[in-house]
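Here the structure comes first, spelled out in structure tokens, and everything after it is commentary.
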Amino acid sequence: MKTNHTSLGPKADKETVRRHNLSLVLRAVRDEGEATRAGVAARVGLTRAAVSSLVEQLLDSGFLSESGKTFSGQAGRPGTVLKVTRSGPAGIGVEINIDYVSVCVVDLSGTDRVRLTEHLDNRGAAPAEVLARGARIAARTLDSAAEQDLSPVGVQLALPGLVAGGTVRQAPNLGWNQVPAEELFAAALAEAAPAAPVLPVRSENEANLAALAELWFGGLGGIRSFLYLSGEIGVGGALVLDGELLRGANGFAGEIGHVVVDADGPLCRCGARGCLEQYAGQSALLRGAGLDENAGVPGVAELEALARGGDERAVAAIGEAGRMLGRVLSGAVNLFDPDAVVLGGIYRGLMPWLSPPADGELTDRVVSGLWPYDSGRLRASSSAGDAARGAAALVVRAVLADPVAYAERTSA
């Protein structure tokens with residue numbers, strides 16, 4: 001009987017194996033913060049001689065630095081301390097949201113080294129102009145990065161809506177349809193920073209990148225499966241399962257803001273009625289509290305202040321949003337069985353009033369019985385992660401995965 005075999009590809013040659021091991025060593029040092037050759041060898045399962053050779057190459061290429069001596073208390077010579085370098089390759093993350101643009105530069109350790117944020121209403125502006133605004137801010141971060149001896153190797157855009165193949169297929173709250181975001185941003189950055197090297201530009205949904213930032217930099221401990229919600233003018237979502245982002249067949253998974261709560265509810269910008277963001281988005285929260293729904297960040301700050309002061313209307317508006325969130329979240333929890341639900345964006349500051357009603361809905365509706373009230377499985381996002389940092393870190397992770405490729409690029 002004839003058996004059909006799937007091609008496994010060519011076997012790994014010596015160069016491929018070495019490139020893999022260079023990545024292994026670099027990531028081991030990054031994960032530890034600082035390490036010795038002996039410590040790295042024990043962690044990755046290579047001989048000390050092999051690790052020493054790989055470390056020397058990473059030192060020569062500018063990915064690692066070493067200093068001082070460390071004493072392990074064991075026999076033998078003390079080892080030098082290895083760290084990922086604070087200079088050299090870096091990533092740029094650019095979050096373009098409805099009412100702000102945030103740009104950050106992250107180094108190989110994942111540290112946020114440069115951050116610029118401008119609050120401006122991007123609704124009604126032409127997509128090319130909004131992306132050009134982001135590019136002009138990014139150009140300023142290039143100057144700041146150069147002052148710190150950082151060399152960004154790529155740009156990752158964090159964009160609201162359905163993003164695939166470099167294009168924003170649909171972003172209802174911005175009014176974007178079929179916008180070639182990567183192409184427009186790259187052209188605008190070249191114009192804003194004509195002397196800078198041409199950087200590759202990639203794009204991803206902002207909630208996905210915020211979820212990755214939470215995974216990499218947040219306080220999740222051993223949690224590797226969670227649902228992330230980003231509350232802004234819209235409501236974005238992302239699902240991480242076993243440490244991997246679930247993108248779906250076309251890259252559009254996670255659009256929880258457009259789950260229908262009431263088919264006869266208010267008209268949403270997406271064209272449907274009764275979507276979650278019509279009940280739990282920023283505009284709905286401000287409107288419910290009697291505030292200007294277009295007030296943006298100042299409006300959210302005022303909402304928090306009113307709730308903290310016990311204002312009944314503000315507390316009621318947040319509570320109703322929490323109930324609606326909890327109802328939709330319970331369906332997602334029943335479907336995907338995550339370990340936790342993480343609320344980010346504007347929800348983070350509203351958790352004292354938002355969490356109890358949302359938690360109550362989860363307790364009543366999750367069929368597994370594993371979500372008792374006040375279990376801690378519904379939690380606020382960490383202040384250490386956001387979409388811009390997640391975007392920049394995604395660029396850095398590509399460097400860590402194949403340092404040889406970026407050594408060649410930065411020395412060219």
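Shortest non-hydrogen contact noted between Val114 and Ala145 is CG2-N, 4.1 Å. Pairing each heavy atom of Val105 with each of Ile92, the nearest pair is CG2-CG1, 4.1 Å. Summarising the geometry of Tyr228 relative to Gly345, their closest heavy-atom pair is OH-N, 4.1 Å, with the distance given to 0.1 Å. Scanning both residues, Leu199 and Val155, for their nearest heavy atoms gives CD1-CG2, 4.0 Å.
Side chain of Thr167 to backbone of Pro180: no donor-acceptor contact under 3.5 angstrom is found. Listed for the Asn334 side chain is no donor-acceptor partner under 3.5 Å among the backbone atoms of Asp337. Under the 3.5 Å distance criterion, the side-chain polar atoms of Ser225 are matched with a main-chain donor or acceptor of Asp242. Side-chain atoms of Asn250 do not come within 3.5 Å of backbone N or O of Phe252 as any donor-acceptor pair. Although no hydrogens or angles enter the test, the distance criterion places a donor-acceptor pair under 3.5 Å between the side chain of Asp311 and the main chain of Arg313. The backbone N or O of Trp371 sits less than 3.5 Å from a side-chain atom of Thr363, completing a donor-acceptor pair. Formation of a donor-acceptor pair under 3.5 Å by the Tyr279 side chain with backbone atoms of Arg323 is not found in this model. In this structure, Glu95 contributes its side chain and Ser102 its backbone to no donor-acceptor pair below 3.5 Å. Formation of a donor-acceptor pair under 3.5 Å by the Asn205 side chain with backbone atoms of Ala158 is not found in this model.
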Would you tabulate the side-chain donor-acceptor contacts of residues 255-272 under 3.5 Å, counting partners in other chains and residues two or more places apart, or write 'none'?
from, atom 1, to, atom 2, distance (Å)
Asp262, OD1, Asp264, N, 2.9
Arg269, NE, Asn173, OD1, 3.4

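Annotation: salt bridge (Lys or Arg N to Asp or Glu O under 4.0 Å) contacts involving residues 356-373, sequence neighbours excluded, comprise Arg327-Glu361, Glu361-Arg365. Applying the salt bridge (Lys or Arg N to Asp or Glu O under 4.0 Å) definition to pairs two or more places apart or across chains, those involving residues 378-407 are Arg19-Asp402, Arg115-Asp386.
A donor atom on one side chain and an acceptor atom on the other are not found under 3.5 Å apart for Glu214 and Ser381. No donor-acceptor contact under 3.5 angstrom links the side chains of Arg113 and Ser144, judged on distance only. Side-chain contact, Arg18 with Ser53: a donor N or O sits under 3.5 Å from an acceptor N or O.
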TODO: Tell me, with the steps shown, if Ile346 and Leu285 meet side-chain contact (heavy atoms from CB on, under 4.5 Å).
DONE: CA-CA 10 Å; Ile346 64 170; Leu285 279 160; 3.9 Å; yes
TODO: Could you please spell out the steps behind the side-chain contact (heavy atoms from CB on, under 4.5 Å) verdict for Leu22 and Phe63?
DONE: CA-CA 10 Å; Leu22 283 163; Phe63 292 102; over 6 Å; no
- [ ] Quick one: do Glu118 and Leu116 satisfy side-chain contact (heavy atoms from CB on, under 4.5 Å)? Show the steps, please.
- [x] CA-CA 7 Å; Glu118 290 190 7; Leu116 293 174; over 6 Å; no
- [ ] Dump the intermediate steps for side-chain contact (heavy atoms from CB on, under 4.5 Å) on Val101 and Asn122, then the final yes or no.
- [x] CA-CA 9 Å; Val101 174; Asn122 291 316; 3.9 Å; yes
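Between Arg348 and Glu304 there is no salt bridge, since no side-chain nitrogen of the basic residue lies less than 4.0 Å from a carboxylate oxygen of the acidic one. Between Glu129 and Arg136 there is a salt bridge, since at least one side-chain N of the basic residue sits less than 4.0 Å from a carboxylate O of the acidic one.
Residues passing the side chain to side chain donor-acceptor pair (under 3.5 Å) test with Glu34: none are found, sequence neighbours excluded. With sequence neighbours left out, the side chain to side chain donor-acceptor pair (under 3.5 Å) criterion links Arg377 to no other residue. Applying the side chain to side chain donor-acceptor pair (under 3.5 Å) test to Ser65 and every residue at least two apart in sequence or in another chain returns nothing.
Using a 4.5 Å heavy-atom cutoff, the side chains of Val240 and Leu246 are not in contact.
Residue Glu244 places its CD atom among 12 or fewer non-hydrogen atoms of other residues, nucleotides or ligands, all under 6.0 Å distant.
Residue Arg30 holds its CZ atom at 12.0 Å from CG of Leu64, rounded to the nearest 0.5 Å.
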